[in-house]
Amino acid sequence: MSFELPEELQMLKETLRRFVDKELIPIERETLDGAKLKPEVEIWLNEKAVELGLWQFDVPEEHGGLGLGLLAKTVVWTELNRSIALPTRLPEIFGGASPILYQLNEEQQARYLRPVLDGKLKTAFAQTEADAGSDPAAMRSYAERQGDHYVLNGGKRFISNALDADFFQVIAVTDREKGVRGGISTFLVDADAPGVTLLREQELLTDDKPWEIQFEDVEVPAENLVGEEGDGFRLAQSWINTGRIRHAARGMGIITRCLELAVAYAGDRVTFGEKLANRQAVQWMLVDMYTHLHQLSLMVYHAASKFDDGEDIRNEAFMCKIFGDTKSFEAADNCMQIHGGVGLTTELPIERFWRDQRSMIITEGPTEVLKMALARHVLNEFG
Ligand SMILES: Cc1cc2nc3c(=O)[nH]c(=O)nc-3n(C[C@H](O)[C@H](O)[C@H](O)COP(=O)(O)OP(=O)(O)OC[C@H]3O[C@@H](n4cnc5c(N)ncnc54)[C@H](O)[C@@H]3O)c2cc1C
């Protein structure tokens with residue numbers, strides 16, 4: 001049993017650490033326009049990804065990418081998230097695509113996946129509704145088959161990247177009786193199709209600007225159904241675990257940076273004639289961050305290695321997301337506290353980490369909902 005990263009991943013980690021320190025952190029407040037990369041930064045970053053040998057690291061080999069294993073990807077996600085230079089929510093970083101798109105059939109891949117990978121089309125994932133967020137069984141959007149097409153009606157909200165999207169991956173009910181057990185399907189819906197309306201941009205605590213969208217009698221060609229009718233939930237299971245590990249790996253990057261910032265500041269700042277670093281109240285915060293980082297690293301590397309060995313990591317993924325999101329938020333909160341007023345300013349990345357990590361505890365599965373799912377396993381295993 002080894003608890004160390006393999007040598008090649010250790011090297012990858014060091015290379016990325018240098019890149020982030022030298023090239024990303026110095027410009028981290030200038031790279032984004034809202035939640036999106038500035039176009040000139042995106043071009044520069046793509047060139048850097050090629051230089052680093054990481055272009056399309058998250059794209060499977062059969063689609064022309066590097067097809068890195070999950071353990072290797074956790075290293076990339078952790079290191080890139082030590083900085084606030086990159087968008088918080090963007091699977092397309094370094095030339096990727098959202099995971100549903102790898103499940104398209106050949107014809108759909110040619111029309112939708114390939115152009116996304118070539119940077120010619122943009123897409124957004126549309127599942128959440130006013131009455132159906134963490135409980136998708138309450139979903140109302142309905143797609144009714146009529147001959148060679150479906151007619152889609154419904155409203156979605158909190159849809160990231162909707163404004164730029166050329167097409168949406170829409171989750172909708174196709175059989176009301178079956179519901180989540182075979183009654184929900186995924187469709188590719190062109191953003192310029194008649195009946196698709198972007199209703200309202202939503203302002204949040206974070207810099208994200210998701211949208212409310214309306215679908216009214218939108219005719220979706222039957223060939224735009226992903227997989228089989230009723231497959232919507234089954235398809236999602238194939239990538240949802242890796243998304244949870246991504247959250248946790250991001251948390252590792254943030255705790256690491258918060259430790260670096262907090263230790264430096266505590267070693268420098270003097271109050272009441274003593275450095276903050278010499279105060280037990282501050283030391284305990286630092287020790288908690290350090291311990292959580294160690295725990296999280298073990299959890300993430302273990303889960304990712306298991307996944308790469310072809311094993312099921314459903315339960316590990318729940319734990320990683322719960323622990324990673326909450327402990328990285330706590331680290332940002334403690335780091336802010338140690339910095340006092342300076343921690344609240346935009347001169348440092350702490351306030352962005354704090355805002356983003358607060359949102360992570362809600363998005364892609366709120367902590368309570370993941371705990372509810374994990375509880376079923378705990379009750380079974382120890383019952
Ligand atoms: C910045 C941002 C970007 C997003 N991007 C997208 C996107 O691109 N596409 C998309 O489809 N969606 C997106 N979402 C939506 C996001 O996934 C949902 O907000 C999330 O799933 C939670 O759903 P909800 O807001 O409806 O909360 P609800 O489901 O109403 O839950 C509210 C709260 O109730 C509690 N709760 C719920 N159920 C239980 C339970 N069983 N037991 C105990 N407590 C419970 C939890 O604390 C939860 O936080 C985004 C949201 C945000 C904020």
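We count ligands from 1, going down the list as the structure has it; atoms in each ligand are counted the same way. The analysis underlying the following values was restricted to heavy atoms, covering all of them including side chains, and did not include hydrogens, waters or symmetry mates.
- Backbone and side-chain nitrogen or oxygen atoms of I362 are examined, and none is located within less than 3.5 angstrom of a nitrogen or oxygen of ligand 1.
- Using a 4.0 Å cut-off to heavy atoms of Q127, the atoms of ligand 1 that qualify are 10 (C), 11 (O).
- If you check the side chains of N224 and Y150, you find no donor sitting under 3.5 Å from an acceptor.
- When non-hydrogen atoms are compared, ligand 1 lies under 4.0 Å from the side chain of P366 (C-beta onward) but not from its backbone.
- Neither side chain, D356 nor T206, offers a donor N or O lying under 3.5 Å from an acceptor on the other.
- For atom 34 (O) of ligand 1, no protein heavy-atom neighbour is found at a distance under 4.0 Å.
- Annotation for ligand 1: atoms under 4.0 Å from non-hydrogen atoms of M372 are 41 (N).
- With P210, S160, A373, A132 as candidates, the residue nearest to atom 8 (O) of ligand 1 on a non-hydrogen basis is S160.
- Figure legend: cation-pi geometry between R176 and Y142, with NZ or CZ positioned under 6.0 Å from the six-membered ring centre and within 45° of its axis.
- Nearest protein heavy-atom neighbour of atom 45 (C) of ligand 1: E368 CB, 4.0 Å.
- Checking only distances, S134 does come within under 3.5 Å of ligand 1, N or O to N or O.
- A donor-acceptor contact closer than 3.5 angstrom is absent between the side chains of E260 and Y265.
- In this structure, atom 48 (C) of ligand 1 is in close contact with the protein, since a protein heavy atom lies within 4.0 Å of it.
- Interface of V369 with ligand 1, defined as ligand atoms under 4.0 Å from a residue heavy atom, comprises 37 (C), 38 (N), 39 (C).
- Side-chain contact, S98 with Q169: a donor N or O sits under 3.5 Å from an acceptor N or O.
- In D208, the part holding a heavy atom less than 4.0 Å from any atom of ligand 1 is the side chain.
- Each of K321, R246, R244 was scored for a salt bridge (Lys or Arg N to Asp or Glu O under 4.0 Å) with E364, with one residue passing: R246.
- Which parts of ligand 1 touch T128 is read off a 4.0 Å heavy-atom cut-off, strictly below it: atoms 10 (C), 11 (O), 12 (N), 13 (C), 14 (N), 15 (C), 16 (C), 17 (O).
- Residue R89 has no nitrogen or oxygen atom sitting less than 3.5 Å from a nitrogen or oxygen atom of ligand 1, judged on distance alone.
- Atom 1 (C) of ligand 1 has L204 CD1, 3.5 Å as its closest protein atom, hydrogens excluded (heavy atom only).
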ring-ring contact (aromatic ring centres under 6.0 Å, His included) assessment of Y301 paired with F3
CA-CA 8 Å; Y301 292 157; F3 293 103; over 10 Å; no
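- A tilted orientation is assigned to the rings of F329 and W354, their planes being inclined by 30° to 60°.
- Comparing K209, E364, Q169 against atom 17 (O) of ligand 1, the shortest heavy-atom distance belongs to E364.
- No hydrogens or angles considered: nothing links the side chains of T197 and E216 as a donor-acceptor pair under 3.5 Å.
- There is no protein heavy atom closer than 4.0 angstrom to atom 30 (O) of ligand 1.
- Against a heavy-atom cut-off of under 4.0 Å, F125 is close to the following atoms of ligand 1: 7 (C), 8 (O), 9 (N), 10 (C), 11 (O).
- Of the candidates R157, K156, R200, R200 is the only one forming a salt bridge (Lys or Arg N to Asp or Glu O under 4.0 Å) with E212.
- Looking at I171 against ligand 1, nothing comes within 4.0 Å, counting heavy atoms.
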Decide yes or no on side-chain hydrogen bond (donor to acceptor under 3.5 Å, both in side chains) for E28 and S83, but give the supporting numbers first.
CA-CA 7 Å; E28 67 185 350; S83 166; 2.9 Å; yes
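- Not one N or O of T363 is nearer than 3.5 Å to an N or O of ligand 1, by distance alone.
- Looking at N153 and D217, their side chains do bring a donor and an acceptor atom within 3.5 Å of each other.
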